[in-house]
Structure formats: structure tokens, C-alpha cells
**Student:** 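Let me give you the structure first, and then I'll get to my questions.
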2 protein chains.
Amino acid sequence: MSNTQAMPQLDADDGAVVVPCCPPLTERPFTAAEAGTAAPMFKALGDPIRLRLFSAVASHEGGEACVCDISDVGVSQPTVSHHLKKLKEAGLLTSQRRGTWVYYRVEPSVLAAMGKLLTMPAA
Amino acid sequence: MSNTQAMPQLDADDGAVVVPCCPPLTERPFTAAEAGTAAPMFKALGDPIRLRLFSAVASHEGGEACVCDISDVGVSQPTVSHHLKKLKEAGLLTSQRRGTWVYYRVEPSVLAAMGKLLTMPAA
DNA sequence: CGCTTGGTTCGGCGTATGTCAATATAGAAA
DNA sequence: TTTCTATATTGACATACGCCGAACCAAGCG
């Protein structure tokens, strides 16, 4: 599972496909395919703990944070790890081990893409 | 359930709290309270069917659509109704009965608020 | 090597969620 | 009123999800 081979369209670590995705939600009705791509990103942010973890990483210096810096969200450490994994699988975060610690960082392009989805029709 | 009394912070129809909510996710770590408020909105859009329904309403003329216009998303009629209810409870949609038909419309302020959450730190 | 610290994975448990068929309600129409 | 159409609600079911403790892996240190 944790082989380090080069894999196309995958993040440096593992499982974190980065896609451009979809027009604004208000532009035209989403197709099933578009919804299937975009929904998991919203879903990933749809849990309070994950939202806090994501915000903690995103607001951290350099858009990057060690797990140890953001683990204080009121759940056990395994649960934190589980949620970070979900965020990574949704393509919102990437992870990198540096020595003893593991650092998570936001995927800026995905954040921007989600922002555009919620764009209003030019007022 | 469908009493028509004036209720503070509640939508005209029922259960649809409209809140301004939270700074950008990247500004500072979300508090538990902020996460508890914002997460349900993302959660509501975290299902492909709901995302399509929401997009269908949002992209419809006048940001409003009859249920009959958007029900073709591949699930049964009760399921459509169920998802629309969820979107309403999350404060993303409001509903209004006009004669035989029920019209759903987007809550523009909430859409804008979610967009701001995903704002990047001024590049 | 063994020990300690940081983090992930596993197994299980209780609850939430998505779905449908069946039924109920709201209006319009006959 | 009876009937028909449009939508909502109920009840049941299978699956997904969030959570924890226990066990496990990875890296540094004696």
C-alpha cells in the first residue's frame, strides 16, 4: 500500500488526485459526473472536526502544519489521523514526512476551485 | 410543524436559519463553534444528488425552480424531496408553495458567505 | 539492540445517512 | 365530494461514518 513508485495524477505521498473541476454552481445544472467530482470535496469539509483541522492547516504559516500543531480539536489522536486522511483523499491536503514529524499542507488550486464553484452570477 | 408564526432568524417557510458566519478558512483556525456552524453547509453540498439539485435551482431562471423542473436526477421522488429538505435545513434553500407546485430558491447570502470561507489569503 | 515519541492502521461499536415503497397531505378540477 | 396531480412524510433497510482503544510502523536516541 505504501510503495513509493511514481504514479500519474497522484500526489507525492499517495491518494490525492488534484482536479480542476466544474463551472460555478449557478452557471448551469451540474451533470452527474460533475457532482460526483465536486461533492466529495464539500463532503470532506462537512464535518466540524475536519473543518477545524483544514482551517488550522490553511491558516498556519506557509499553509503547512505538523500534525502535532493541530491535534488539539477534542478527539483522540487516531481520530485526528483518520480525518486528515479523509481530507487528503478528497484532494484538499497533502502530507509529507520530515524526520520525526508529518506535515500537512493545503492544495491551493483545489481551494480556489471550490471558491469558484460558489461564485455568484456577477451580481 | 407548518405554523406560520413570525419566528426570529427563521425563514418564511420553516427551518432554515440564515447566518452570516465565520471568517475565511485561511485566516485563522476555526473555533469549534465556527466549525459547528459552517460544517453543515458544506455537508449539505457533500452529496452528489443534493449538489445537482442545488445547482439546478441556483442556475434556474431567477434562482428559483419548481420541484417538477429539477426532479430528474436519477432517484425516486421521495428521495428528491428528502434531499431538498436537507438543503433547506442547512439554510441553502428556501421553499414556497404556489398553488399546486412548490418552488425552491437559493439563499444568496449563504452562498456568498460560503464563497468567502474559501477565499485565498489575497495571493 | 531496546526504548521513547509521533503518527497511522485495525477492529469494533453505535449512530447517521441515502434509498425506496407505501402512505399521507395540499390544491385544483370534475 | 370525489378524483387527480404534485409534493411531503413514514417506515424499513443496508451502508457509511465518526469515534475510540489497541496494535503497529517510523524515526531518533541511549
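Residue numbers start from 1 in every chain, and the chains themselves are labelled A, B, ... in the order their sequence lines are given, proteins ahead of strands.
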**Student:** Rounded to whole Å, how long is the line connecting atom CG of B/Leu84 with atom C1' of D/dA8?
**Tutor:**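 Atom CG in B/Leu84 sits about 11 Å away from atom C1' in D/dA8.
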
**Student:** Charged N to carboxylate O below 4.0 Å: is that the case for A/Arg28 and A/Glu34?
**Tutor:** yes

**Student:** Taking atom OG of B/Ser55 and atom NE2 of B/His60, what is their separation to the nearest 0.5 Å?
**Tutor:** 11.5 Å

**Student:** If I take atom CG in residue A/Asp47 and atom P in nucleotide D/dG18, what distance separates them, rounded to the nearest angstrom?
**Tutor:**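 These atoms are roughly 5 Å apart.
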
**Student:** Please determine whether a side-chain nitrogen or oxygen atom of B/Arg50 lies at a distance below 4.0 Å from atom OP1 or OP2 of C/dT17.
**Tutor:**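 Answer no for this pair, as no side-chain N or O of B/Arg50 is under 4.0 Å from OP1 or OP2.
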
**Student:** Report the nucleotide, chosen from C/dG6, C/dT17, D/dA6, that has the shortest atom-to-atom distance to any side-chain atom of B/Lys86.
**Tutor:** C/dT17

**Student:** Can you sort out which residues in residues 62-83 of chain A have a heavy atom within less than 4.0 Å of DNA chain C? Ascending by number, please.
**Tutor:** A/Cys66, A/Val67, A/Cys68, A/Gln77, A/Pro78, A/Ser81

**Student:** Would you mind reading off the distance between A/Gln96 atom CD and C/dT8 atom C1', rounded to a whole angstrom?
**Tutor:** 17 Å

**Student:** Compare side-chain N and O positions of B/Lys85 against OP1 and OP2 of D/dT7 and report whether any pair is under 4.0 Å apart.
**Tutor:** no

**Student:** To the nearest 0.5 angstrom, please state how far the CG atom of A/Leu118 sits from the NZ atom of B/Lys116.
**Tutor:**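 Between atom CG of A/Leu118 and atom NZ of B/Lys116 there are 12.5 Å.
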
**Student:** Describe the nucleic acid contact of B/Tyr103 in one word from base, sugar-phosphate, nothing, applying a heavy-atom distance below 4.0 Å.
**Tutor:** nothing

**Student:** May I ask you to evaluate whether A/Tyr104 reaches the phosphate of C/dT8, defined as a side-chain N or O under 4.0 Å from OP1 or OP2?
**Tutor:** yes

**Student:** Please report the distance, rounded to the nearest Å, between CZ in A/Arg97 and P in D/dG28.
**Tutor:** 9 Å

**Student:** Can you tell me how far C1' of D/dA6 sits from CZ of B/Arg98, to the nearest Å?
**Tutor:**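 It works out to 15 Å between those atoms.
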
**Student:** Should B/Glu89 and B/Lys43 count as an ion pair when the cut-off is N to O under 4.0 Å?
**Tutor:**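 Result for this pair is no, no salt bridge flagged.
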
**Student:** Look at the side-chain N and O atoms of B/Lys43 and state whether any lies under 4.0 Å from the OP1 or OP2 oxygen of D/dC17.
**Tutor:**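 For B/Lys43, the contact criterion (side-chain N or O under 4.0 Å from OP1 or OP2 of D/dC17) is not met.
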
**Student:** Same cluster for A/Val110 and A/Tyr103 if Ile/Leu/Val/Met/Phe/Trp/Tyr side chains link at under 4.5 Å?
**Tutor:**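 A/Val110 does not cluster with A/Tyr103.
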
**Student:** Is any side-chain heavy atom of B/Val80 closer than 4.5 Å to one of B/Leu53?
**Tutor:** yes

**Student:** Any Lys/Arg nitrogen of A/Glu107 or A/Lys88 sitting under 4.0 Å from an Asp/Glu carboxylate oxygen of the other?
**Tutor:**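 Between A/Lys88 and A/Glu107 there is no salt bridge, as every charged N stays at least 4.0 Å from the carboxylate O atoms.
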
